[in-house]
Amino acid sequence: MIKDNKNNHKPVKYRSELSALWPIIGLVIVLAVAATSWQALSGIKDYIKLDIANKLETILHTTNNAMNGWAEDRKRAALNLTKRPDTQRLFKSLLATSQNKTALKKNKALKVLREIITPYLDERSDLGFFLISRDHINVASMRDENLGIINLLSKEGDYLDNIFNGKAEIVLPMRSDVLLPGLSGDLTTNEPTMFVGVPVYSADGEVAAAFAIRIDPSLNFTRIAQVGRLGRTGDPYGFDTSGRLITESRFNEDLRTIGLLKEGAHSILSIAINDPGGDMTTGFTPKKAHDKLPLTKMAASATSGKDGTDIDGYRDYRGVDVVGSWLWNNNLNFGLAIEINVSEAYSTYNSIRKIVLTVIIVTIALFTIFTFSIVSQNFTLSREVLERRRLSGELLRLATTDIMTGAYNRAQLDEIISKEIERSLRFDHPLSLIVFDIDHFKKINDTYGHTAGDVALKSIAKIVRTTLRSTDHFIRWGGEEFILVTSETDINGAKDIAERIRKSVEDFSFGESGKITISFGVTTLREGDDRESMVIRADKALYAAKDNGRNRVETIL
């Protein structure tokens, strides 16, 4: 009986001891889950930091390349305008005129020059132009009141001196000397303005004058930066050597609310990138005037010539904690930054952290929910990575292609032709170049308006693309001029391509514009050729086609 009693009590004792161990076992499980979760959080944060840095740097450099490409395109377009025979003659007449307002106004060349340049300005939403003598006097402008006076660029750094030394310049935003349309559309004083300036050469190759086009920085310059905007608070922006904005801020309404920007004013040149010491959007008020505050960490680094990325956080010019990446563009002499609020940049990580802490505090039973949350967040991260890739691809497309026609832009010309020449020489294959432009394109714009001109450009570009092979390259050289780089094609093959395009355009109906024709110049690669020599030769063939009656193909071997 005694033996039986002992045997009967063993299972009860075993179950009791096991029950006593459950709190310890549960604690061990919770601690193990907590340690594993904390380690996972650390890894996720490291991954998110790396992703944020990569995303910011990709957008920054792609935006910078787009701005450089835009600047080079504007310089080339302005130089091409000055090299036209008609503008050369008009420049010469105006420069030979007495440099006083009355004499310049009476010169008929001024009226003709304005008629030539006005469509160019309208096409690009530009605001005006100057022809500046070597004495820094305006000898031509869209406004009579500008004639015969010292040009405002003479007081802006070395821009004019550089132009007279043969260098094309992009003049960064500055305060205008004349009334310009403000945000409301009304003419306003001290509006931001910028210029592209190029040298004007005389027949003997000397710089005879400077030619400058007035650009609206809130349109051209700012729009390139705005393409790189990220999420709700990501803002790419440019700034000058003194640390002032030279593009529009994304946060104009916030800046007006906290008193840094006047109603109706641009943030361009109005906002110093200074650190207020606290978040002004939540009511913080600095003890000093904003202009007296030190530069932000980013601006101090960039204006000293140092590129960088900070994903731990610093204050921006509103005092908001941000992460960012920045560089100094030595080509155009301005700084470029992309910043996003810390709260948005790390919103994914903060969400995960809250979920994990909730799981640890509540019970181990919610481990399944935690796992589901991680999977959900990882899915969100994957979508963000895909969005970054899509955005990067879009910025690259904008930097390399002409928006209107879909052709490569002028900035890609050197790289494409140089690569094709190298490939042609390496494999001993023929290579040909076709240059063409639209006959009497200015007449189309003048008669039917720029909308009809745009339709013509797009339609012709579509016709060209249906004719070309996948190995050919289609480039918009400028205005109505285009270049085709036809690989593995001799002069006869290239001429056939040009003739097919010419006939297709001739047979096409352009609506109210009626019939439109184009002229072609064709050449092929020969020993000793480089990009410049091929383009010059094809361009000569194009001029021959123009001289011989237009709507034809001319070749030069």
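Quick note: numbers below take in every heavy atom, side chains included, and nothing from hydrogens, waters or symmetry partners. Only a predicted model underlies this, so the values are computations on that prediction, with no experimental measurement involved.
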task = Find the distance between CG (L433) and CD1 (I417) and round it off to the nearest 0.5 Å.
result = 5.0 Å
key: Heavy-atom donor-acceptor pair, N64 side chain to L60 backbone, under 3.5 Å   = no
Where L327 and N329 come nearest, the two heavy atoms and their spacing = CD1-N, 3.8 Å
ask   = Hey, what do you get for CD1 (I271) to CZ (F251), rounding to the nearest 0.5 Å?
value = 12.5 Å
Donor-acceptor contact present, side-chain T523 to main-chain I556, <3.5 Å = yes
key: Atom NZ of K75 with >12 non-hydrogen neighbours under 6.0 angstrom   = yes
message = Out of the candidates K503, E506, K546, only one should pair with N551 under the side-chain hydrogen bond (donor to acceptor under 3.5 Å, both in side chains) rule; please name it.
response = E506
Pairwise distance OG(S519) to NE2(H440) - rounded to 0.5 angstrom = 8.0 Å
query = Is there a donor-acceptor contact under 3.5 Å from the side chain of N138 to the main chain of N146?
reply = yes
inquiry  = How about CG on D204, more than 12 heavy atoms from neighbouring residues, nucleotides or ligands closer than 6.0 Å, or not?
reply    = yes
message = Can you tell me how far apart CG (L230) and CD1 (I340) are? Round to the nearest 0.5 Å.
response = 4.5 Å
Residue pair A302 / F239: nearest heavy atoms and the distance that separates them = CB-CZ, 3.5 Å
No-hydrogen, no-angle side-chain donor-acceptor test under 3.5 Å, T524 and S432 = yes
key: V207 backbone acceptor or donor facing R134 side chain under 3.5 Å   = yes
task = With side chain to side chain contact (heavy atoms under 4.5 Å, CB included) as the test, would you mind laying out the steps for I273 and L245 before giving the verdict?
result = CA-CA 7 Å; I273 309 173; L245 283 180; 4.2 Å; yes
message = Please determine whether a side-chain nitrogen of the Lys or Arg among R84 and D86 lies less than 4.0 Å from a carboxylate oxygen of the Asp or Glu.
response = yes
message = Tell me if the aromatic rings of F211 and F91 count as close, with their centers under 6.0 Å from one another.
response = yes
message = Whether D158 and K167 form a salt bridge (side-chain N of Lys/Arg under 4.0 Å from carboxylate O of Asp/Glu) is what I want to check.
response = no
query = How far apart are the C-alpha atoms of I421 and M534, what are their side-chain angles, what is the distance that settles it, and do they pass the side chain to side chain contact (heavy atoms under 4.5 Å, CB included) test?
reply = CA-CA 10 Å; I421 289 176; M534 283 194 77; 4.0 Å; yes
Trace of the side chain to side chain contact (heavy atoms under 4.5 Å, CB included) decision for I52 with K55 = CA-CA 5 Å; I52 291 171; K55 186 182 297 183; 5.8 Å; no
query = Can you find a heavy atom in the side chain of M404 that is under 4.5 Å from one in the side chain of R476?
reply = yes
ask   = Considering only heavy atoms from C-beta outward, does the side chain of H266 approach that of E191 to under 4.5 Å?
value = yes
query = Between Y448 and F510, does the ring centroid distance fall short of 6.0 Å?
reply = no
request  = Could you label the plane-to-plane angle of the F436 and F474 rings as parallel, tilted or perpendicular, counting under 30° as parallel and over 60° as perpendicular?
outcome  = parallel
remark   = Nearest heavy-atom contact between Q88 and Y201 is OE1-O, 3.3 Å
inquiry  = Less than 4.0 angstrom from a charged side-chain N to a carboxylate O is my criterion; do K155 and D177 meet it?
reply    = no
inquiry  = Do W328 and K306 make a side-chain contact, defined as non-hydrogen atoms from C-beta onward lying under 4.5 Å apart?
reply    = no
query = How long is the gap from CD1 on I132 to NE2 on H136, to the nearest 0.5 Å?
reply = 8.0 Å
Let me check something: any side-chain donor-acceptor pairs from residues 110-119 under 3.5 Å, sequence neighbours excluded? List them with distances.
| from | atom 1 | to | atom 2 | distance (Å) |
| --- | --- | --- | --- | --- |
| R114 | NE | S141 | O | 2.8 |
| R114 | NH1 | D144 | OD1 | 3.2 |
| R114 | NH2 | S141 | O | 2.9 |
| R114 | NH2 | D144 | OD1 | 2.7 |
| T118 | OG1 | R114 | O | 2.6 |

Residue F164 excluded, over 12 heavy atoms near CZ under 6.0 Å = yes
query = Looking only at side chains, do S533 and D529 share a donor and an acceptor under 3.5 Å apart?
reply = yes
request  = Give the intermediate values and the outcome of side chain to side chain contact (heavy atoms under 4.5 Å, CB included) for residues M174 and T193.
outcome  = CA-CA 5 Å; M174 52 187 285; T193 188; 4.0 Å; yes
Closest non-hydrogen atom pair, P217 against P192 = CD-O, 3.6 Å
CA sep, side-chain torsions, deciding dist, call: R423, E420, salt bridge (charged side-chain N to carboxylate O under 4.0 Å, His left out) = CA-CA 5 Å; R423 193 169 71 87; E420 288 299 324; 3.2 Å; yes
query = Which pair of heavy atoms, one from I518 and one from I501, lies closest together, and at what distance?
reply = CD1-CG2, 3.9 Å
ask   = Quick one: does L336's side chain get under 4.5 Å of M67's, heavy atoms only?
value = yes
inquiry  = Tell me if a side-chain donor or acceptor on S301 pairs with a main-chain N or O of M298 at a distance below 3.5 Å.
reply    = no
inquiry  = Within the 3.5 Å criterion, strictly below it, is a donor on N409 or D402 matched to an acceptor on the partner's side chain?
reply    = no
inquiry  = Test your reading of the model: is there a side-chain donor-acceptor pair from D73 to the backbone of G69, 3.5 Å cut-off?
reply    = no
query = Is it true that atom NZ of K515 has more than 12 heavy atoms of other residues, nucleotides or ligands lying nearer than 6.0 Å?
reply = yes
query = Hey, what's the ring geometry for F130 with F195, parallel, tilted or perpendicular (30° and 60° as the breaks)?
reply = tilted
ask   = Does T222 offer a backbone N or O that forms a donor-acceptor pair with the side chain of E248 under 3.5 Å?
value = no
query = Looking only at atom types and distance, does a side-chain atom of R526 sit under 3.5 Å from a main-chain N or O of L557, one as donor and one as acceptor?
reply = yes
request  = Rounded to the nearest 0.5 Å, what's the gap from OG1 on T247 to CG on D235? Could you check?
outcome  = 7.0 Å
ask   = Looking at A494 and T489, what are the two nearest heavy atoms and their distance?
value = N-CG2, 3.2 Å
task = Using a 4.5 Å cut-off on heavy atoms from C-beta on, say whether the side chain of T517 contacts that of V505.
result = no
ask   = Is the shortest heavy-atom distance from the side chain of I475 to the side chain of W477 under 4.5 Å?
value = no
request  = Answer yes or no: is there a donor N or O on one side and an acceptor on the other, between the side chain of S459 and the main chain of A456, under 3.5 Å?
outcome  = no
inquiry  = If we count only N and O atoms by modelled type, under 3.5 Å, do the side chains of E57 and T309 hold a donor and an acceptor together?
reply    = yes
task = Could you list the residues that satisfy side chain to side chain contact (heavy atoms under 4.5 Å, CB included) with S270, not counting sequence neighbours?
result = R175, L261
key: Any side-chain heavy-atom pair of F334 and I246 under 4.5 Å   = yes
inquiry  = Check this for me: F508, atom CZ, are more than 12 non-hydrogen atoms of other residues, nucleotides or ligands nearer than 6.0 Å?
reply    = yes
inquiry  = Centroid separation under 6.0 Å, is that true for the rings of Y317 and Y237?
reply    = yes
ask   = So, are R502 and E499 salt-bridged, with charged N and O less than 4.0 Å apart?
value = yes
key: Side chain S202, main chain A208, donor-acceptor under 3.5 Å   = no
task = List in chain and number order the residues that pass side-chain hydrogen bond (donor to acceptor under 3.5 Å, both in side chains) with S242, two or more places apart in sequence or in another chain; answer none if no residue qualifies.
result = D240
